[in-house]
Asker: 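Once you've had a glance at the structure underneath, I'll fire off some questions.
Throughout, protein chains are lettered first and strands after them, A, B, ... in sequence-line order, and every chain is numbered starting at 1.
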Protein chains: 2
Amino acid sequence: MRLPVERAMQVCPVEVAVSVLGGAWKLTLVKCLLERPHRFGELGRRVPLANTKTLTRQLRELEQDGIVLRKVFEQVPPKVEYSLTERGRSLAPLVALMNEWGAAFVETAQ
Amino acid sequence: MRLPVERAMQVCPVEVAVSVLGGAWKLTLVKCLLERPHRFGELGRRVPLANTKTLTRQLRELEQDGIVLRKVFEQVPPKVEYSLTERGRSLAPLVALMNEWGAAFVETAQ
DNA sequence: CAGAATCCAGGCCGATACTG
DNA sequence: CAGTATCGGCCTGGATTCTG
């Protein structure tokens, strides 16, 4: 278990969710993977503001937290496919709600 | 509109929600305020790992984003009451889902 | 193609002390 | 009571370059 998550546990389950999912682009990546599995480069194009390092880090953490599955195809050129675990798929309702709320927030933009 | 939110808008509504709600303790504060209005000190006791500076910052941002209402009572000793706006109350389903998901995450702790 | 390596900046959050 | 002031650390995220 990662340290920030440990801390969050002391306070509230809500905070656990935030510290697991709150990283930059994480939930957007999950949203993409809910559609279908993606390759690394595809995800990069879906989230154009994230560079490769950030992308890799977030995906690794999602993998470590049991949300994302990383499958390596041993071939040249290399191919890696990212997909969701069951726990990852359980985020579907949450992602839908956040998408809706975020859109409404922008809509009602001050 | 705050800068990180502007950036998030370029990518996905989900990312907007994350950048508005993802700060430390923010959603936990909203969860408390969904129960009833709280005074500053009360919130501090509900979120014991946040110090006064952090608490103030998060509450100010939530206020700026139209989620929290800050009401000052001109009296001695001072009294400030925090409550939710309509937009804040619209977070109820989201908070409930995240609470549930966070609890399940801890339950299934690796 | 899918990253790893390196370096760097900013801000995000925290501890502590002080104030009207 | 409800903050502000000051200082600082560190972690997050980013730009760029390099590699099997």
Asker: Roughly, in whole Å, what's the span from CZ in B:Arg57 to C1' in C:dA15?
Answerer: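 Computing the B:Arg57:CZ to C:dA15:C1' distance gives 15 Å.
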Asker: Hey, quick one: are B:Leu33 and B:Val72 part of the same hydrophobic cluster, counting side-chain heavy atoms closer than 4.5 Å, chains of contacts allowed?
Answerer: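 Yes, same cluster.
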Asker: Can you check whether B:Trp25 has a side-chain N or O nearer than 4.0 Å to OP1 or OP2 of C:dG14?
Answerer: yes
Asker: Please confirm whether the shortest side-chain N or O distance from A:Arg2 to OP1 or OP2 of D:dC11 is below 4.0 Å.
Answerer: no
Asker: State, yes or no, whether a side-chain contact exists between B:Val11 and B:Val16 at a heavy-atom distance under 4.5 Å.
Answerer: no
Asker: Would you say the side chains of B:Thr54 and B:Trp25 form a donor-acceptor pair under 3.5 Å?
Answerer: no
Asker: With a 4.5 Å heavy-atom cut-off, do A:Met98 and A:Leu27 have their side chains touching?
Answerer: yes
Asker: Within the 4.5 Å heavy-atom criterion, are B:Thr85 and B:Val68 side-chain neighbours or not?
Answerer: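 Not touching, per the 4.5 Å side-chain cut-off.
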Asker: Could you list all N or O pairs between the protein and nucleotides 18-20 of chain C that sit under 3.5 Å apart?
Answerer:
none

Asker: Is it true that A:Leu59 and A:Phe73 fall in one hydrophobic cluster, defined by side-chain heavy atoms closer than 4.5 Å?
Answerer: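 In one cluster with A:Leu59: A:Phe73, no.
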Asker: Quick one: label A:Phe73 by what it contacts on the DNA or RNA (base, sugar-phosphate, nothing), any heavy atom closer than 4.0 Å.
Answerer: nothing
Asker: Is the side chain of B:Arg39 donor-acceptor paired with the backbone N or O of B:Tyr82 at a distance under 3.5 Å, no angle test?
Answerer: no
Asker: Send over the distance from B:Glu81 CD to D:dC1 P, rounded to a whole Å.
Answerer: 15 Å
Asker: Scan B:Arg39 against the nucleic acid and name what it touches under 4.0 Å (heavy atoms): base, sugar-phosphate only, or nothing.
Answerer: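 Sugar-phosphate, no base atom in range.
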Asker: How many Å lie between NZ on A:Lys79 and C1' on D:dG20, as a whole number?
Answerer: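 Distance, rounded to whole Å: 19 Å.
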Asker: For nucleotides 7-9 of chain D, tabulate all protein N/O to nucleotide N/O atom pairs closer than 3.5 Å, reporting atom names and distance.
Answerer:
unit_1	atom_1	unit_2	atom_2	d
D:dC7	N4	B:Lys53	NZ	3.0

Asker: If I take atom CD in residue A:Glu74 and atom P in nucleotide C:dA2, what distance separates them, rounded to the nearest angstrom?
Answerer: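 Distance, rounded to whole Å: 13 Å.
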Asker: Between A:Ile67 and A:Leu21, is there a side-chain heavy-atom distance shorter than 4.5 Å?
Answerer: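 Yes; the side chains approach each other to less than 4.5 Å.
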Asker: Would you indicate whether the side-chain heavy atoms of A:Glu42 and A:Phe40 approach each other to under 4.5 Å?
Answerer: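 In short, these two side chains do not touch, never coming nearer than 4.5 Å.
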Asker: Can you measure A:Leu55 atom CG to C:dA2 atom P for me and round it to whole angstrom units?
Answerer: 11 Å
Asker: Please examine the side chains of B:Leu69 and B:Glu63, heavy atoms only from C-beta on, and report whether any two atoms are closer than 4.5 Å.
Answerer: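 They are not in contact (no side-chain heavy atoms under 4.5 Å apart), so the answer is no.
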Asker: Please tell me which of the listed nucleotides, D:dG13, C:dC13, C:dA4, lies nearest to the side chain of A:Ala24?
Answerer: D:dG13
Asker: With respect to the side chain of B:Arg70, which nucleotide from C:dG14, C:dA4, D:dG3 is positioned closest?
Answerer: D:dG3
Asker: For residues 40-52 of chain B, which residues have at least one heavy atom under 4.0 Å from DNA chain D?
Answerer: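 Per residue number, the list reads B:Phe40, B:Gly41, B:Thr52.
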Asker: Mind calculating the distance between CD (B:Gln75) and C1' (D:dC1) to the nearest angstrom?
Answerer: 10 Å
Asker: Kindly indicate whether the side chain of A:Glu35, heavy atoms from C-beta on, has any atom under 4.5 Å from the side chain of A:Arg46.
Answerer: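 A:Glu35 reaches A:Arg46 side chain to side chain.
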Asker: Could you state the CG-P distance from A:Leu3 to D:dT12, rounded to the nearest angstrom?
Answerer: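 Nearest whole value for this atom pair: 10 Å.
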Asker: Less than 4.5 Å apart, side chain to side chain, heavy atoms only: is that true for B:Val80 and B:Arg70?
Answerer: yes
Asker: More 5' along DNA chain C: A:Leu59 or B:Gln58, using each one's nearest nucleotide?
Answerer: A:Leu59
